[in-house]
Structure formats: structure tokens, C-alpha cells
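Only one structure is covered here, and it is reproduced in the block below.
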4 protein chains.
Amino acid sequence: MVRKKKPEKYKSIIDAAVKVFAREGFHNAKIQDIAKEAGIAHGTVYIYFDSKDALLISVFEEKLGELIDYVKSEIEKIESPEEKIRRLISLQVEIMKENPNLTELMLVEFPQTGRFLDCSAMDRVGEYIELITDILKQGVSKGIFDSDIDSDMLATIIYAGIYGLATRWILEKRDSPAKEMVDGIANMFLNGIKS
Amino acid sequence: MVRKKKPEKYKSIIDAAVKVFAREGFHNAKIQDIAKEAGIAHGTVYIYFDSKDALLISVFEEKLGELIDYVKSEIEKIESPEEKIRRLISLQVEIMKENPNLTELMLVEFPQTGRFLDCSAMDRVGEYIELITDILKQGVSKGIFDSDIDSDMLATIIYAGIYGLATRWILEKRDSPAKEMVDGIANMFLNGIKS
Amino acid sequence: MVRKKKPEKYKSIIDAAVKVFAREGFHNAKIQDIAKEAGIAHGTVYIYFDSKDALLISVFEEKLGELIDYVKSEIEKIESPEEKIRRLISLQVEIMKENPNLTELMLVEFPQTGRFLDCSAMDRVGEYIELITDILKQGVSKGIFDSDIDSDMLATIIYAGIYGLATRWILEKRDSPAKEMVDGIANMFLNGIKS
Amino acid sequence: MVRKKKPEKYKSIIDAAVKVFAREGFHNAKIQDIAKEAGIAHGTVYIYFDSKDALLISVFEEKLGELIDYVKSEIEKIESPEEKIRRLISLQVEIMKENPNLTELMLVEFPQTGRFLDCSAMDRVGEYIELITDILKQGVSKGIFDSDIDSDMLATIIYAGIYGLATRWILEKRDSPAKEMVDGIANMFLNGIKS
DNA sequence: AATGAATGAGCTTTCATTCAT
DNA sequence: TATGAATGAAAGCTCATTCAT
């Protein structure tokens, strides 16, 4: 039997990269470390990825895609725009709790290193904001949200709020991002826009 | 606080570093480039700073301190908590517009690189959030803001919102952060918390 | 000489190696490329050859041997020493035209890389010069060539001339090595030595 | 006093490179070795040369230029075309004896590695052949050389002969390239073309 | 204080070679 | 035999830092 290039190894390198990039930062991370984390020889990394940069891009694309798809699928199950917003925020926080390394990478490393890379992952962020915009528009058309709001702008603000909150949480290594904080941010946003 | 007045060259290196770190990112920035930007030989940098890391820390401390002091002094001139919040947000945006390099550095490089540095600059951020907390508390005690709010948490959310908004603005290289957006974010926050 | 008949795949690897070594140079050539050229997996190369070096040596020995045997057999058919020299030169040029890759390898790669290899192929070159020496000696003993000439030295010069001419031809990627040039070099050599 | 980038160091790296490239071959030569040979740190090489390739190109250009200029200046002192040819050959042999490393590099490494480099040194070779062509043309116009000869072609043959002879000499590590051989090759060429 | 040539640790990347299948 | 994923030694190159001037 002829073995195929194992996709599990691809995944395991991505996962190792998430850990090491998050722990060390992209520039301080050594391919050697990632390989060690994945339990393989460092040369093997180059069978699956063209370069360290390419690995980072793949990490972003794979993981960001996964997350956004997950959030989308969860949001679709919900009818009420208000609940969608609450769910969006709590989902984000859940994800943060369960994938602190990945979150750290996305929030801290992606903006810094990603901007020098020619990378489609940036577009996924736009996609995510569109998701929020759509929810807001639904809410407006249903008369739940104030019709004065600029959905695009507000979507950005909400995204930014979650993003910024998460960043602070990450940077301060808080143990629990507090259910209260989720509700707090959700309430504030919703109070601010409800008609 | 006593601060020895720094020589001109010290300042010019800091300013050059702000530009180059923002342009290239900390890791890609070369001491050589910073020296060139400052119009000096690269060896000279080491007369004023112990290392590249130390230079980055000094940049953060000097500049972040300046900014926070400026914001504080502006806020103090205002009486109304609501207006203080509005002013805070618009100041932040003003600063962003006038110091895009510095803003970029603070928002994008500081979180990434700063966390590996043993650095007092982090504390200044806390100071800034306290500033917001104090405003909120004033508003609550004056009956302007809802007494249910958790000032600490909300301060973090507001800081995070501004931070996140700014980050997106930076990353998307928007030409104008839109007066509307400033009002939008201020209104939403204030609507959400006003009693 | 006893040579075990080599399997087809052995030959095909040698031929692929000639192409790839000539095209890329020995050091730039990858075993992978040679395998691809031969239509096999790169691991298979190591079933037939111990190492990349060994493959190069085999290429030299196989191909140089073939060529020298061919030239010898052609020369033997001719009686006149003068004609033998002319034939020798024109044969060399013919071979060059028909096997540009191999010629390039022999002329350009062999001297450079070959000298680091412990390799019997060098001896075949000596054999080739002896062939020329013998022709010259025959010519002298028949009174056709000047008896003053030092056959060994002259053989080297003639070999060198052909070699050098060919090298220039190779390096300049000339399309036609010009019948005239063959006659020119032959005439000059012969005029110079005829008694 | 401000030190300038020392040109002696540039020269010493070139000279070290000549030795090491000749000894090891370009691909086997390590920058480390060249630096050691020059008595400097390996990083220093990169102050003077952009890359290993660039170093090789510089070696070719510097040294080949020097040699050709030297030969030209010597040839100009001589009146008789016949003597010019003799001098040319003996000069080449002299140079070979005095600079065996450089000769080896020029003859063995240049054709092999040089062809992959975008390099003006190739042109200098053409210049050298033109020098021979001009001598031949002078001889023809003075009635010393046979008017039937094709100067261009013959120049190439003579160059090739010297080149090829030198190559064999190099490869066989002969101790003395024998005054006789110089005369032999000169005589043969001249007998072959004299009118 | 200022300069910039020199240093060398350390990293990414390549690819010949191995070996489990 | 044949395969090709995996290995890891080895080398080019960078750039923060030093220090003689």
C-alpha cells in the first residue's frame, strides 16, 4: 500500500503552530519548536508548508475559517436578532475560553504579523463583520433595533468591542472572562440600540 | 514625578523609533533603520538605550505617558461625566489621526511584543482605564448613569471598544475615522448606560 | 572486460542523470529531479546507486567508456594517420552535436566535480590521449609527420585543442560547430606537424 | 578619524575566496572557510559582498580583469605578431604557474558555476579572444600569416588550445608545464598558419 | 560623545538519504 | 522491488551588539 501524505500530520502541525506561535509570538517561534511540539522532525514541516510565513497564513486561514463557520452555524439556529447578538458575544467568549492559544494568536499576532503577509484570512474578518451587519439589519427591519443606526458602523463597533475586550482579557490573563462581563457588554450594546 | 530632562538626541531616537517600529513592526525594524531615520550612526543608539528591547520599552513609556497625561488634563477641564466620555472618545480619535504611527505602534505592536517585555508601560494602561472608571463613578453618583452598572467592567468595555475600533481603523488604513463613528460609539455607550 | 548487463532501469536513471546534471549542474541537480525525469520514485535511485556521487561516477564511466569505444572502433577502420586525426576531430564534433547534454557534462561538470571523486573515469581520458599518441607515432614512423614532434605532448595539445574548442562551443551555445572549424583545426594541427 | 571601509579587506576576502573556491570548488566552499582563510568573522564577508554568488562574480571580474590587462600590456610592448603569439602563450603559462589557484578557478569553476550567474566576466573572455584575433590580423596584413586563415576562428582555436592545455595541466597537477610544451604549442600553431 | 567596521549566535531552509510499508 | 514521507545535518545569511578610533 502506498501511504498518502497524511492529513492528520498537517493538522497536527497547524495545532502545534497555534500553541507555539501563541506562546512565543511568531517571530520568536522557531520551526524547530513547532516540530518538537508536533513530535516530528523540523524538516517535515516543510513537506506540508512552504515556509514559516506560509504556515502562519495557513494557521489563520484554517482556524479563522473554522471559527467563523462555527459561529455562523450557531447563529443561524436562532431567530431573534437580539438573541443572535447575545449568542454571538457569548460564543466568542466561549471560544476564547476553550481556545486561549488560538484566540491569543488571532487577536495579538494576526494584526501584527498578518499585515505584512499577502493573506486571504483578512477577508474572513470582513465576512464576520458582515454577519453582524446582517443581524443588525434584520433587527431594524423587524422594528427591534433603532432605525437610525448605521448597521455597518455599528457592526464594526460591536466587533471592535468584542475584539478589544478579548484582547484585554488575553493580555491580562484573566482566568474567567466572567459571565457578567458577557451580559454586561451585550446589555450595553443592546440597550444602546434598541428602539 | 521627577523625570530628568532627556537630551535632544534621546528624543529624536524615540521619535525615529516610533516611525520605524510602526512602519516595519518591531521585529522587522533594524536599529540601522532607526539610526538612519534619526540621522545618526547606529552605534549611537546604544549610548542612549541599552538594547533594542529597552528602546521599545522607552518608546512605550515615554509616549504612552505623554498621551495619558494629555487626555487626563483635557478631561479635567470638563464637568459633565457624559461630556467627559464623549471628549475621551473624540480625543482618542484625534490623537489617532494626528499620530497614526504612534497609534499603530501602541495598538498593534505593544500587545504583541510588549508582553514579552518586563515593562511598566502596561501599568499606564491600567491608569487610563481607572480614568474611565472614575468618570463613570462620578456619573453614577450624580445620578446620570445607571447605578446598576459595574464601573470597572464598563470602563474596560469602553476602553476595549475604543481600542478595538481604533485597531480596525488602523488595520484598514481608513483615511477618516469619521466624525459619525465617534458620535455613534459615544451614543451607543451612553444610551446603553444612561439612567 | 566483463560487464554484467545492467537492468533497463539502471540505464534509464543514467540517461536521466545525464540530462539533469547537464541542465542544472551536478550540485544544483536534485535526485528528485532525476527520478522524475526517469519516471520513477526518488527512493528507487538508491536501489541502483549508492549515492548521488556514485551516480555521477557511474554516468562518467558508462558514457565516457561508450564514447571512447565508439571513437576507437571508428579510428581503427582508417589506415592513414592524417585521416585518423581528421576523423578523430570530426567524430568528436559529431558526438558533441548528437549528445550536447553528455558533452556538456563531460566538459564542464566532469573537470569540476569529478576531481573530488575517487573515480576511474579519469583513466579513460588517459586512454583517449594514448589513442592520439599512437596515431601520431604511426604517422612519424611512416614519415608522414615530422620526427621532431613529441608525440605525448602533441597528443595532449590536440586533445586540449579539441577539448577547449568544444568547451567554448558548449559555453557559447553555438548552434553549429561549423564544418569549417573542424577543417580549420584539423588543418592547423596537421600543417603544423606534417614533415 | 573616521575609518573608511577598508579596501584591503575587500582584497583579502577576494584572495581568500580564490584559494578556497579553488581548493574546495564553489559549492563545497563554505563562507566560514573563506572568512577563516581571510582571518575574519564570516559575517564580515557580507559587509563587502552581498552573497556567496556575488563574491564569486567579484572574484571573476576582479581577477580576470587584472590578468587580461596584464597580458594586454605585455603584448603591446612587442612588435612582431609571431612573437606576440609566443609571448601570449608563455605569459599564460607563467600566470598559471604563479597563480595556480586562480587558474584553477578560472578554468574549472568559472565554466561550471559561472554559467548560472548573470555576470559580466564572460565578456572579458571575449575581449581576450579579440586580442588574439587582432594579433592574427596584424600578422596577415604584414604577410607573415597565411591570408587564408579565418582570424576569428583561429583565435578561438588558439585560445581553446591554451585553455585546454591549461585545463589538463591543472587537472593532472603537473609540477612543471614544461618550457618545451610552451614552445611546442607555439610552434605548432605558428607552423600551421605561417605563410 | 559619536562612529561604523567587525563580530558571531542563531535561524530558516534544503535535500541526500533512510526505511516502513 | 518500488515508494515517498520522514529525517536531520549543514550552510547561507541577518542583525543586535561591541569597541577601537
Side-chain angles (χ1 to χ4, degrees), chain A residues 1-10 13 27-36 38-55, chain B residues 7 9-10 26-36 38-55, chain C residues 7 9 26-36 38-55, chain D residues 1-6 8-10 13 27-36 38-55:
Chain A
M1 188 202 59
V2 180
R3 269 180 306 165
K4 286 274 106 184
K5 216 188 289 183
K6 294 185 194 159
E8 320 93 67
K9 196 153 284 185
Y10 176 91
I13 295 170
H27 278 101
N28 293 318
K30 285 162 254 165
I31 290 290
Q32 187 74 256
D33 295 339
I34 294 168
K36 195 180 292 172
I40 57 174
H42 67 275
T44 306
V45 173
Y46 288 88
I47 298 174
Y48 293 88
F49 304 92
D50 285 342
S51 65
K52 194 184 172 185
D53 277 9
L55 173 56
Chain B
K9 203 156 283 186
Y10 176 93
F26 176 72
H27 276 101
N28 293 319
K30 291 162 225 160
I31 290 289
Q32 187 76 257
D33 295 339
I34 294 167
K36 194 182 290 171
I40 57 173
H42 65 274
T44 306
V45 173
Y46 287 86
I47 296 170
Y48 295 90
F49 302 91
D50 285 343
S51 67
K52 193 184 173 189
D53 279 6
L55 173 56
Chain C
K9 203 158 278 187
F26 176 71
H27 276 100
N28 293 319
K30 290 163 227 157
I31 290 289
Q32 186 76 257
D33 295 340
I34 293 169
K36 194 181 292 172
I40 57 173
H42 64 276
T44 307
V45 172
Y46 288 86
I47 296 170
Y48 295 89
F49 302 91
D50 285 343
S51 67
K52 193 183 175 188
D53 279 6
L55 172 56
Chain D
M1 187 201 59
V2 180
R3 270 179 305 166
K4 286 275 104 183
K5 218 189 286 183
K6 294 184 193 160
E8 321 93 66
K9 195 152 284 185
Y10 177 90
I13 295 170
H27 278 99
N28 293 318
K30 286 163 254 168
I31 290 290
Q32 188 73 257
D33 295 339
I34 293 169
K36 195 179 292 173
I40 58 174
H42 68 272
T44 306
V45 173
Y46 289 89
I47 298 174
Y48 293 89
F49 303 91
D50 285 342
S51 66
K52 194 185 173 187
D53 277 8
L55 173 56

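A, B, ... follow the sequence lines: proteins, then strands. Residue 1 opens every chain.
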For nucleotides 9-11 of chain F, list the nitrogen or oxygen atoms of the protein found under 3.5 Å from its nitrogen or oxygen atoms, one pair per line.
unit_1	atom_1	unit_2	atom_2	d
dA9(F)	N6	His42(A)	NE2	2.7

Quiz item: When the distance from CG of Asp53(A) to P of dC11(E) is rounded to whole Å, what number comes out?
Solution: 16 Å
Quiz item: What distance do Ile31(A) atom CD1 and Ile13(A) atom CD1 have between them, rounded to the nearest 0.5 Å?
Solution: 9.0 Å
Quiz item: Quick one: on DNA chain E, does Gly39(B) or Gln32(A) contact a more 5' nucleotide (nearest heavy atom)?
Solution: Gly39(B)
Practice problem: Any chance you could measure Lys30(C), atom NZ, to Lys36(C), atom NZ, to the nearest 0.5 Å? | Solution: 8.5 Å
Quiz item: Tyr10(B) OH to dA1(E) P: how many Å, rounded?
Solution: 14 Å
Exercise. Return the 5'-most residue of the pair Asp50(B), Ser51(D) with respect to DNA chain F, ranking by each residue's nearest nucleotide.
Key: Ser51(D)
Exercise. Write down the atom of Tyr46(A), the atom of Ser51(A), and the distance for their closest heavy-atom approach.
Key: CE2-CA, 4.0 Å
Quiz item: How many Å lie between CD1 on Ile34(B) and P on dA16(F), as a whole number?
Solution: 8 Å
Quiz item: Could you give the NZ-to-P distance, from Lys36(C) to dC15(E), as a whole number of Å?
Solution: 12 Å
Self-check item: Counterpart residues, side-chain contact (heavy atoms from CB on, under 4.5 Å), relative to Asn28(C) (two or more places apart)
Solution: Glu24(C), His27(D), Phe116(D)
Quiz item: Ile40(B) has an atom CD1; how far is it from atom C1' of dG4(E), in whole Å?
Solution: 12 Å
Quiz item: Pairs counted as Watson-Crick or G-U wobble with both distances under 3.5 Å: what dot-bracket string results for DNA chain F, using | for bases tied to another strand?
Solution: .||||||||||||||||||||
Quiz item: What's the spacing between Ile47(D) CD1 and Ile40(D) CD1 if we round to 0.5 Å?
Solution: 8.0 Å
Practice problem: Please state how far atom CD1 in Ile47(B) lies from atom C1' in dG4(E), giving the value in whole angstrom units. | Solution: 12 Å
Quiz prompt | Between P of dG10(E) and OH of Tyr46(D), the distance in whole Å | solution = 18 Å
Quiz item: To the side chain of Ala41(B), which of dA2(E), dG4(E), dA6(F) is closest?
Solution: dG4(E)
Quiz item: Looking at the side chain of Tyr48(B), which of dT7(F), dA2(F), dA1(E) is the nearest nucleotide?
Solution: dA1(E)
Exercise. Considering non-hydrogen atoms only, spot the tightest contact between Tyr48(B) and Pro7(B) and give its length.
Key: CE2-CG, 3.9 Å
Quiz item: If you look at every heavy atom in Phe26(C) and Lys52(C), which pair is closest and at what distance?
Solution: O-NZ, 2.9 Å
Quiz item: Roughly, in whole Å, what's the span from CZ in Phe49(D) to C1' in dC13(F)?
Solution: 16 Å
